[in-house]
Engineer: 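Take this structure, written in structure tokens, and hold onto it; I'll ask about it next.
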Amino acid sequence: MTGSPTPVQRPVVMARYNPKETEPKWRKAWTDADAFRAVADPAKPKYYVLEMFPYPSGRVHMGHVRNYSLGDVIARFKRARGFSVLHPMGWDAFGLPAENAAMERGVDPRAWTYENIARMRQDLKQLGLAIDWSREFATCDVEYYGKQQALFLDLMARGLVYRKESVVNWDPVDQTVLANEQVIDGRGWRSDALVEKRKLNQWAMRITDYADQLVDDLATLDRWPDKVRLMQENWIGRSRGLKFRFHFAGAGSDNDLQVYTTRPDTLYGASFVGIAADHPLAAEIAAKDPAAAAFIETCRRGAATEAEIETAEKIGYDTGLRVKHPFEPDWELPVWIANFILMDYGTGAIFACPAHDQRDLDFCRKYGLPVTPVVLPPGEAPSTFAIGDEAYTGPGILYNSKELDGLDIESAKARAIQRIEAQGDGEGATVFRLRDWGVSRQRAWGCPIPVVHCATDGVVPLPKSALPVTHPADIEFGKSGNALERHPTWKHTTCPICGGPATRETDTLDTFVDSSWYFARFANSHAEEPIDKAAADYWLPVDQYIGGIEHAVLHLLYARFVTKALADDGQLSVREPFAGLFTQGMVTHETYRRQNGEWVEPALVEFVTEGATRRARLIDGGEPLSIGDIEKMSKSKKNTVAPEEIFEVYGVDAARLFVLSDSPPERDTQWSTSGVQGAWRFVNRVWDEFDSQPADVPAGEPDDALRRATHRLVKQVTEAIDTFRFNSGIARLYEFLNLLKANPAAGATPAILVARHEALSAFARLIGPFTPHLAEECWVRIGGAGMVVEAEWPAFDLGLTEDAVKILPVQVNGKRRGEISAPAGAEPADVERIVLADAEIAQRLEGLTIRKIIVVKDRIVNIVAA
RNA sequence: GCCGCGAUAGCUCAGUGGUAGAGCGCAUCCUUGGUAAGGCUGAGGUCCAGGGUUCGAAUCCCUGUCGUGGCACCA
């Protein structure tokens with residue numbers, strides 16, 4: 001770098017950067033210019049960036065700041081790169097917290113929700129997000145959920161919605177049903193209460209109709225994290241196997257017994273046939289056999305909760321029935337009822353091969369049933385191989401298996417399926433772990449299901465002309481249970497078919513239904529139809545979706561399903577809603593406790609550093625505190641930091657910069673006061689650099705080195721944003737700022753001043769996505785035209801991103817022994833000449849014979865010598 | 001149990017075959033009219049361990065250790 005020869009002089013009295021003044025000013029300027037309105041311009045490529053919309057809990061927290069700042073970087077970057085950008089915001093506004101607030105505080109859920117929305121809208125607007133607010137809606141708006149009711153009727157007409165009596169997950173605290181996806185380790189995802197099993201009449205959606213597509217199409221989602229695709233694949237749990245019938249030997253049931261297996265290769269290792277306790281055959285047996293009935297009752301009692309089912313000991317009951325082995329008519333297998341067999345997976349019946357399945361083995365060891373190995377592991381001898389307490393599930397060669405002997409597992413499976421099919425006893429089958437999606441919720445603060453129950457006509461969907469079905473105005477929320485059910489008049493109506501009296505459905509839809517199409521509604525939030533097809537065709541799919549990993553299965557699976565269903569109904573053209581998905585990490589913070597174990601919030605803590613150790617104490621009184629683990633910000637551990645307080649002290653830009661700079665976006669980031677102070681210092685130093693630049697820059701050639709550094713910076717930051725490595729992009733900006741400080745405006749040569757101007761012009765635009773307010777202020781300071789939000793992204797010249805002369809390290813036998821200078825792009829032969837002419841290298845090579853010289857262009861030279 | 005991910009400076013993390021880096025923190029010094037501030041300079045690393053491939057390994061392969069995420073009686 002060609003620095004100025006004059007000593008560094010501090011410019012006289014610099015105006016301190018004041019975010020409190022500049023930030024609101026620029027937000028107003030953007031609003032006045034309507035800068036973020038999404039316009040479907042056919043001349044431009046489109047880009048739809050969306051963050052998972054928030055639940056209006058009342059306050060914006062640091063997690064929101066991170067989530068929406070990440071999306072905002074993309075939105076601003078793509079806009080500057082010439083895309084038509086859609087970046088909308090809405091509210092996932094139905095759900096239990098509003099009803100809970102109603103119960104606890106006697107407020108109206110609707111009013112509570114809209115007040116929260118108003119406050120959070122204000123907070124989010126303060127963040128300076130490049131959002132088209134004209135498209136905003138809440139899922140509890142009649143204009144939204146009324147359209148959703150129409151979609152529900154469409155899906156119902158397609159046979160994708162049905163009603164069934166089924167065993168459901170009942171949350172005793174929230175007093176409602178939960179989908180399988182909402183039960184985590186046997187507990188409600190929201191209430192954390194132990195989930196019970198109940199039999200109820202429920203609305204469900206046939207997501208299983210799309211199970212194959214939902215797995216197969218994962219392969220097309222190449223801009224999704226592998227982890228999320230894997231989680232969905234595991235959740236859907238597609239397995240290929242064989243469904244076949246056992247024929248009863250002697251007295252049995254009238255019907256054959258159908259089982260499902262993924263291991264037809266192990267049929268010759270069969271030990272017994274098992275059925276679930278709630279299998280129809282079990283009921284048939286229980287009718288005649290009191291002992292069987294008692295056993296079934298035991299199974300039911302011992303399995304009230306999911307958690308208990310998972311940990312229960314395996315128990316069984318021998319029914320006395322016998323079935324014939326499909327390959328050996330004389331071989332009879334006993335039929336047992338067993339508690340570990342699930343009625344709602346496969347056929348609710350299995351054949352057990354204990355040697356190669358741990359569950360079956362545990363069961364057979366307990367009840368003294370035979371264990372015959374039929375797969376011989378590599379390297380084992382048939383005469384000595386034996387099964388102990390561990391089933392063998394690895395690869396091997398079939399034995400003890402007649403015509404399957406000598407085959408590998410896959411060939412044996414194929415052969416067994418072939419034979420069963422030829423016998424007419426069954427066929428190869430695909431079975432899924434995925435269950436249909438139970439969407440009924442016994443809560444009032446949700447989207448009413450547009451259906452009535454008529455004594456004459458049964459379950460009758462309402463005509464679309466009867467929509468929307470709205471909540472009663474005088475709904476009484478103060479008690480537990482379903483307020484719609486309790487309301488004195490609301491549910492009484494007439495049947496659209498016969499005109500007779502009918503009762504409205506009082507269940508409402510799972511809020512995940514609300515969020516499974518909102519992204520399509522954003523294409524035109526005010527359309528008459530639920531989805532404006534033309535607008536959706538332009539904007540969808542979402543190019544970049546951003547949210548937490550906690551929705552990897554729930555929301556993201558439902559949204560994919562609904563998109564496919566709506567595509568089949570002709571309402572959408574895309575079959576996948578989100579082309580790109582990014583799952584961001586959480587915001588964490590250290591925890592602090594008093595001696596008595598009470599948690600202490602960070603705002604009350606100060607630190608003292610004694611050498612290498614850092615201690616915490618109460619600001620008020622100085623009581624020493626213990627510093628605990630770094631955990632997700634949560635109210636219970638009091639390790640939260642309120643965004644609005646940070647905005648007040650350091651400004652919005654510093655807060656945004658810090659949450660973006662500290663970690664890669666997909667990882668957790670640790671909030672710290674020193675970190676945000678560092679970001680704040682950066683903001684100030686950036687402003688100093690712009691403020692010290694003279695307004696009248698002389699004409700002339702720019703300093704070459706600084707110019708090259710600028711082009712290199714533009715390339716690096718552009719690539720960093722493109723690849724979601726925002727933290728590295730920001731690190732490059734920090735480095736570059738240091739470079740600018742090393743080439744100050746005061747006393748600079750004209751060449752430096754010109755290069756600085758070019759650098760600052762690029763810099764103002766490069767920081768735009770991260771610190772948008774500061775960017776505008778800096779842009780104006782150096783005489784930029786218009787606003788940064790209207791400016792083009794800086795371009796770079798690839799040729800200028802490299803130095804003209806390269807310093808190449810020279811290794812001898814892999815160890816660094818010196819360096820040489822060579823022109824960029826120099827050919828190996830030329831580099832070799834330079835190396836061999838170098839005195840220092842020659843000295844190192846004295847007495848050695850050069851065997852080989854490896855030149856890596858522009859990088860390094862390695863001499864192999866002996 | 002099954003399927004993943006990770007381990008690099010005190011902290012948070014870049015770096016995917018070629019000279020070990022950034023920010024923060026820490027230390028020294030300067031400034032004391034930006035002052036509950038600013039600046040200069042610097043120290044600090046068995047790239048988790050062991051083995052392999054290679055002219056060359058933080059990077060690729062194998063084994064192990066530790067941490068962590070998801071799923072889990074799904075036949």
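In the text below, chain A, chain B and the rest are named by the order of the sequence lines, each starting its count at 1. Keep in mind that what you see is a predicted model, and the values were worked out from it rather than measured.
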Engineer: Check this one for me: any side-chain N or O of Arg685(A) less than 4.0 Å away from OP1 or OP2 of rG39(B)?
Structural biologist: yes
Engineer: Watson-Crick or G-U wobble partner for rA20(B), using a 3.5 Å limit on both distances?
Structural biologist: none
Engineer: From C-beta outward on Asp357(A), which listed nucleotide comes closest to its side chain: rA75(B), rC55(B), rG25(B)?
Structural biologist: rA75(B)
Engineer: In whole Å, I'd like the distance from the CD atom of Gln677(A) to the P atom of rU12(B).
Structural biologist: 19 Å
Engineer: Nearest whole Å is fine: how far is rG23(B) C1' from Ile730(A) CD1?
Structural biologist: 10 Å
Engineer: Within the 4.0 Å heavy-atom criterion, would you say Tyr260(A) contacts the bases, only the backbone, or no part of the nucleic acid?
Structural biologist: base
Engineer: Pick base, sugar-phosphate or nothing for Ile341(A), based on heavy-atom distances below 4.0 Å to the nucleic acid.
Structural biologist: base
Engineer: Between Asn738(A) and Arg359(A), which residue's closest nucleotide on RNA chain B lies nearer the 5′ terminus?
Structural biologist: Asn738(A)
Engineer: Which whole-number value in Å describes the distance from Asp360(A) CG to rC74(B) C1'?
Structural biologist: 12 Å
Engineer: Report yes if a side-chain nitrogen or oxygen of Arg433(A) is closer than 4.0 Å to either non-bridging phosphate oxygen (OP1 or OP2) of rA72(B); otherwise report no.
Structural biologist: yes
Engineer: Does rG6(B) have a Watson-Crick or wobble mate here (both distances under 3.5 Å), and if so which one?
Structural biologist: rC66(B)
Engineer: Trp224(A) pairs by side-chain contact (heavy atoms from CB on, under 4.5 Å) with which of Leu221(A), Asp226(A), Asp222(A)?
Structural biologist: Leu221(A)
Engineer: Among rA14(B), rG18(B), rA22(B), which is the nearest nucleotide to the side chain of Asn862(A)?
Structural biologist: rG18(B)
Engineer: Identify the nucleotide, in any strand shown, that forms a Watson-Crick or G-U wobble pair with rA75(B), with both distances under 3.5 Å; if there is none, say none.
Structural biologist: none
Engineer: Need one value for Leu230(A): base, sugar-phosphate or nothing, where a base atom within 4.0 Å counts as base even if backbone is also close, heavy atoms only.
Structural biologist: sugar-phosphate
Engineer: In whole Å, I'd like the distance from the NZ atom of Lys314(A) to the C1' atom of rA75(B).
Structural biologist: 12 Å
Engineer: Which pair of heavy atoms, one from Leu581(A) and one from Pro225(A), lies closest together, and at what distance?
Structural biologist: O-CD, 3.4 Å
Engineer: Looking at Asn234(A) and rC71(B), is any side-chain donor or acceptor paired with a base atom of the opposite kind under 3.5 Å?
Structural biologist: no
Engineer: How do Ile854(A) and Ser728(A) order along RNA chain B: which one's closest nucleotide is nearer the 5' end?
Structural biologist: Ser728(A)
Engineer: Please check the phosphate of rC3(B) (OP1 and OP2 only) for any side-chain N or O of Arg229(A) closer than 4.0 Å.
Structural biologist: no
Engineer: Taking the six-membered ring of Phe340(A), is the NZ or CZ of Lys314(A) close enough (under 6.0 Å from the centre) and on axis enough (within 45°)?
Structural biologist: yes
Engineer: Is any side-chain N of the basic residue among Arg685(A) and Glu689(A) closer than 4.0 Å to the acidic one's carboxylate O?
Structural biologist: no
Engineer: Nearest whole angstrom, please: distance from the P of rA72(B) to the CG of Asp362(A).
Structural biologist: 19 Å
Engineer: Could you tell me whether the side chain of Asp688(A) has a donor or acceptor atom within less than 3.5 Å of a complementary atom in the base of rG34(B)?
Structural biologist: yes
Engineer: Identify whether the distance between the nearest side-chain nitrogen and carboxylate oxygen of Glu233(A) and Arg238(A) falls below 4.0 Å.
Structural biologist: no
Engineer: For Leu554(A) and rG70(B), give me the distance from atom CG to atom P, rounded to whole Å.
Structural biologist: 12 Å
Engineer: Identify the nucleotide, in any strand shown, that forms a Watson-Crick or G-U wobble pair with rC26(B), with both distances under 3.5 Å; if there is none, say none.
Structural biologist: rG42(B)
Engineer: For the pair made of CZ in Arg725(A) and C1' in rG23(B), what is the distance, rounded to whole Å?
Structural biologist: 16 Å
Engineer: Does Tyr345(A) make a side-chain N or O approach to OP1 or OP2 of rA75(B) shorter than 4.0 Å?
Structural biologist: yes
Engineer: What is the separation between atom CH2 on Trp680(A) and atom P on rA36(B), rounded to the nearest whole Å?
Structural biologist: 10 Å
Engineer: Determine the Euclidean distance between corresponding C1' atoms of rU46(B) and rU32(B); express it in Å to zero decimal places.
Structural biologist: 45 Å
